[in-house]
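The structure appears right after this line, and notes come after that.
The sequence lines fix the lettering, A, B, ..., with proteins before strands; numbering per chain opens at 1. The structure displayed is predicted, hence computed values, not measured ones.
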Amino acid sequence: MNKILFFAIASCFTFLMPANAQNIYDLKSTREYAAHLYQQQDYILAAMEYERLVFMKPGKIEFKQRLVSSYRKAGEYQLGINVLADSDVSTPLIPEYGKLLLLSGNLDKFHTLINNQKISDSEEILFLNTSSLIYQGLYPEASAKLRQSEWGKPDLQSLKNIADEASGVAFKCPALAAGLSAIIPGSGKIYAGYWQDGLISVLMIGLTSWQAYRGFNQEGASSVYGWIYGGFAGALYLGNIYGSGKAANKYNVVHKSIIDQKLEEVIRYSN
Amino acid sequence: MYRFNITFLWLLSLPAFAYPQADYEKNILLHLNVEKGMPKSASPAFVPRPSNPLEAIPAGILLTWYYGIQTQSVQTCSLLPPNAIYGAQAVVIQHVLPGLLNYFDRVQRCHGLNLGQYSSLPGENYADAVLNFRYQPVHDSKPYQ
């Protein structure tokens, strides 16, 4: 009898359980879950949760800030820009917007944004300005701006390291490389850092020129052999001058892209 | 004699109009351009038809040389596309003078000493793992790259 009574009472309580169930989609739970995902660096899922929070509370800047930050850290720069482009960008969101514009390569819009706004956080504005200088290849200027040895913001230290490293890279002058190859074939390529190509060029041009010389020396100016090899030598010589300028340019593009990749990493994951 | 020369030059240019970009290269280009979302400045180019005889004739000569003579021997260059094809593409994409200069530069770069060089631009050396060749294509918007 007691058992029957116990089960009857217990089954009554089971009906009450749904009434106590937690609403996992309410503001508080969504906020906690989004913060958890953000902390776990699951930025795409965090952005989805913050999208919901922004929908629930459109006026709350903190949610919008976190949403844009999630998109930035997930590498979805355009989605972040779309969030901010629809509305007026208020002061706390300007650094985020600036970072997204830099990361998406939209420098004109970035300068307009920074020049027209007043941001109280001086380290934040310094971070944005020096990032822009590095992005434009003005490494000594960026390095000079970050001359101070200690920074409160750790991202500034990373930026300083990049600026210092980039200032030390000796970029090549394409005109000088071409000029060097015009004087001594292959030397422009050696100057541009591709010594193997320079060596092969000097050998190829030297050999074809020598063959042309042999032809003209034996049969005079009417030598077909001489003209064919002379033509080859001339074409290779001109190609080498052009290629030396190209090699210097390539050297610069490769080294700038390495610096830009490091810069992107710092801006993308900055706090 | 003059008419014969003109006809001969036109015949030489025909391969440039008939040249189909190899399927393997089209696949690589599609992979790089579409799936990787490469920036326009860095992306290798699809080859258009030549727009004038100045482009068609040198491109045709290079293609005739490649398909008629060079393919009869063992390929020694590790670069992809082969030099003559690269030259024909460069003449059409970057126009006659930069294209030919690029071709003669490429001939001098085609050797085994520079393995690992020119490898940091996006898309380059793509074919390494697939075909055991280094893919160094003609770039579309910046001939000097």
Query raised in the report: Counting only heavy atoms not in A:Lys256, do more than 12 sit closer than 6.0 Å to its NZ atom?
Result: yes

**Report entry** Over 12 foreign heavy atoms within 6.0 Å of OH, A:Tyr213
**Finding:** no

Query raised in the report: Should we count CD1 of A:Ile184 as having more than 12 external heavy atoms under 6.0 Å?
Result: no

Query raised in the report: With no hydrogens and no angle check, is any side-chain donor or acceptor of B:Gln108 less than 3.5 Å from a backbone partner on A:Leu236?
Result: yes

**Report entry** Contacting region of A:Ile205 [heavy-atom separation from chain B under 4.5 Å]
**Finding:** side chain

Query raised in the report: Taking side chain as C-beta onward, heavy atoms only, is B:Arg109 less than 4.5 Å from A:Ile200?
Result: no

Query - Residue from B:Leu100, B:Leu97, B:Leu101 passing side chain to side chain contact (heavy atoms under 4.5 Å, CB included) with A:Tyr242 - result: B:Leu101

Show which side-chain atoms of residues 40-47 of chain A pair as donor or acceptor with protein atoms under 3.5 Å away, not counting sequence neighbours.
none

**Report entry** Shortest non-hydrogen separation from B:Phe104 to A:Gly239 and the atoms involved
**Finding:** CB-CA, 4.1 Å

